[in-house]
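Read through the structure below, which is laid out as structure tokens, and then see the notes.
As the structure is a prediction and not an experimental result, all values here were calculated from the model.
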Amino acid sequence: MKAGKRLGACLLAAAVVFGVIGCGNDKEKTNTASPSGEASKSPEKSPSKTEKVKLTYSMWGTAEEGTKVQETADKFNASQDKIEVEVLAIPYENYMTKLNTMATAGQLPDAGMMREDGVIQWSSEGMLNDVSAMYEGSDSKPLDSLAYTYQGKPVAYAAANEILLLYYNKDMFDKASVPYPPNALDKAWTWDEFVETAKKLTNDKNGKHPGEDGFDSQSIVQYGASVENLTWQLEAWALTNGGGFYNDDGTEVRIGEDASIEAIQKVADLYLKDHVAPLSVGQTDDGIQRTIIAGTVAMATNGQWNIGTSLNTAKEAGLNYGVAVLPYMKEKVTLNTGGANVVFSQTKHPQEAMEWLKWYGQEENNWGLISSGIWMPVLDKWYKDETLTRKWVENPNFPPYDEYKSAVVDYASSSAARPTSWFFTNHTTEFNTLLASVLGDVWTGKTTAKEAISKNLDALKAANKGTK
């Protein structure tokens, strides 16, 4: 999955039913203009109670999809007498071009959708408003890991939550008499335990496992594991090995550290040396469909959104799957992500724009996406209040309550959940695109992670700075 496209589509889907996540052209996004002097004036005072503040909210989508979002906005408009929201639907292909043009003219909407990897860039250019005060006085706020931050201040909150998990085929485990992966963080497998279990679940055409005499790696009929190697998801493994893509504030590249390189090589070696995983070159966003749903792999990593986007249908067709926490190398880590709704800095009504986004982001207004398993809630009360958690999880679309609560709800609200780097780092698109290219030959064994990354480290560092 390319997170931007996946979760951006989910934002749009929310409008229709509705905020790991935006779409758009990367080249368009990098040419954002600075706000004009006129647009940067201090916010005006709100009109009298009899005159509603008029807000415009932008989204990418067709006119029909915009109409659906407007129906939701109309409910907000009718719920109070202070604010009126008008939805501006812009075709996906033209979304960033249109916003750039509006920014140059000082005519940006008051609020709108923003792809994950564009939030910090727009904020660094002065295009986004500080939203630190959005949840002041509220009974609940988004999980800390769901805040987009620039220079230490929240500039957006994710409209939905997603984390990386381990999915597994229960029937394959039962047939091999192998215990299920742990769904509790305190019992998470080490990487070595994960690999050894995967070997027990990998069979060649004669029923042999890796490491046994006579095992034929060229005739494998069932693989034990698949670790998704889409570039942004690889960050989780660098982190769990004590490395990372960047330092904590996103100002330095850490991909060249031994711990980061070693982690990526371990992922590649699942196919190259351990013979427990199928070849994946990290280019297609269909990992769960190719593995768990296809019935060729016993366990695979990917995002929670797969429950709603593909696994529900497979479950109805007979797939008996479970969810578990990720294995770890040195530290227990999962990544969280979620596309953003933002307040643009050119608005004259930042408080009202925050009030609208706060209302729009409530779980009740996105319930179709949450109850189907595509989205996870944002507000911390859904993770802390058992009544709300049960309302969310106790439905046929999810695995058993205790299993899902431990492997997903508790996991997402634990210290193991860390924000994907685009929550605090600029130019992640440029960096991830280059890293994906650099690692291409690593997956097939033509070179090693150390050789590939070391050779291209200067270019990767330059990409992080937005230069070539």
Side-chain angles (χ1 to χ4, degrees), residues 7-22 55-61 65 68-80 82-83 85-88 109-116 119 128-149 154-163 304-305 308 336-344 347 349-372 374-385 388 391-392 412-413 419 423:
L7 295 183
C10 291
L11 282 170
L12 206 50
V16 181
V17 262
F18 151 35
V20 139
I21 298 183
L55 299 180
T56 302
Y57 171 78
S58 64
M59 54 163 282
W60 54 78
E65 289 165 334
K68 292 292 185 182
V69 179
Q70 185 66 59
E71 290 175 359
T72 301
D74 288 343
K75 295 178 182 178
F76 172 75
N77 295 341
S79 71
Q80 40 71 47
K82 299 184 299 181
I83 305 168
V85 176
E86 179 181 357
V87 175
L88 174 63
D110 298 280
M113 294 165 57
M114 179 64 65
R115 54 181 290 162
E116 315 97 310
V119 173
L128 302 185
N129 207 71
D130 179 353
V131 296
S132 302
M134 184 182 293
Y135 288 92
E136 285 183 356
S138 300
D139 66 344
S140 185
K141 65 182 184 66
L143 296 172
D144 291 341
S145 59
L146 295 176
Y148 286 82
T149 57
V155 294
Y157 290 101
N161 190 17
E162 300 289 357
I163 64 169
Q304 191 278 162
W305 61 86
N336 68 244
T337 191
N341 273 322
V342 302
V343 176
F344 293 108
T347 182
H349 307 290
Q351 297 302 320
E352 289 83 357
M354 284 191 283
E355 184 173 340
W356 150 245
L357 290 186
K358 182 179 174 182
W359 181 92
Y360 191 30
Q362 293 179 47
E363 281 70 14
E364 292 81 1
N365 296 321
N366 303 306
W367 194 247
L369 289 168
I370 291 172
S371 63
S372 69
I374 297 176
W375 278 13
M376 294 165 58
V378 170
L379 297 179
D380 56 12
K381 64 183 179 181
W382 291 86
Y383 298 81
K384 298 176 180 178
D385 185 325
L388 292 176
K391 178 182 178 182
W392 161 24
S413 55
F423 276 81

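With rounding to the nearest 0.5 angstrom, the CD atom of E363 is 8.5 Å from the CG atom of L388. For the atom pair L128 CG and T347 OG1, the distance stands at 12.0 Å (nearest 0.5 Å). W359 contributes atom CH2, which lies 6.0 Å from atom OG of S79 (distance to the nearest 0.5 angstrom). The line from CD of Q304 to OG1 of T337 is 12.5 Å long, rounded to the nearest 0.5 Å. Residue T56 holds its OG1 atom at 9.5 Å from NE2 of H349, rounded to the nearest 0.5 Å. Taken from CD1 in I370 to CH2 in W392, the straight-line distance is 8.0 Å, to the nearest 0.5 Å.
For N161 and Y383, the side-chain atoms include at least one donor-acceptor pair closer than 3.5 Å.
Contact record, A158 with V378: O-CG2, 3.4 Å, taken as the closest heavy-atom pair. Closest heavy-atom contact between S140 and Y135: O-CD2, 3.7 Å. Closest approach of Y157 to P142, counting heavy atoms only: CD2-CG, 3.7 Å. Shown here for A159 and N341, the closest heavy-atom pair between the two residues is CB-ND2, 3.9 Å. Residues P419 and S145 share a closest heavy-atom pair of CB-O, 3.4 Å. In terms of heavy atoms, V119 sits closest to A156 at CG1-CB, 4.1 Å.
With sequence neighbours left out, K381 forms a salt bridge (Lys or Arg N to Asp or Glu O under 4.0 Å) with D139.
Taking a 6.0 Å sphere around CD of Q70, one finds it holds more than 12 heavy atoms contributed by other residues, nucleotides or ligands. For D385, the CG atom sits in a packed shell: over 12 heavy atoms of surrounding residues, nucleotides or ligands are nearer than 6.0 Å.
With a 6.0 Å cutoff to the six-membered ring centre and a 45° limit on the axis angle, K391 counts as a cation-pi contact of W367.
Using the six-membered ring where Trp is involved, W356 and Y57 have ring planes that are perpendicular, over 60° apart on the 30 and 60° scheme.
Under the 4.5 Å side-chain criterion, counting only non-hydrogen atoms from C-beta, W305 is not in contact with M376. Between N336 and E162, the closest side-chain pair of non-hydrogen atoms is not below 4.5 Å. Side-chain contact between M134 and P154 is absent, with no heavy-atom pair separated by less than 4.5 Å. With contacts defined as side-chain heavy-atom distances shorter than 4.5 Å, the pair L143/W382 does not qualify.
The side chain to side chain donor-acceptor pair (under 3.5 Å) test with K82 singles out one residue from E352, E355, Q351, and that residue is E355.
The closest donor-acceptor contact from the side chain of N77 to the backbone of V85 lies under 3.5 Å.
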Criterion side-chain contact (heavy atoms from CB on, under 4.5 Å) on Y148 and V131, from CA distance to verdict | CA-CA 10 Å; Y148 286 82; V131 296; over 6 Å; no
side-chain contact (heavy atoms from CB on, under 4.5 Å) between L88 and M59, worked out = CA-CA 6 Å; L88 174 63; M59 54 163 282; over 6 Å; no
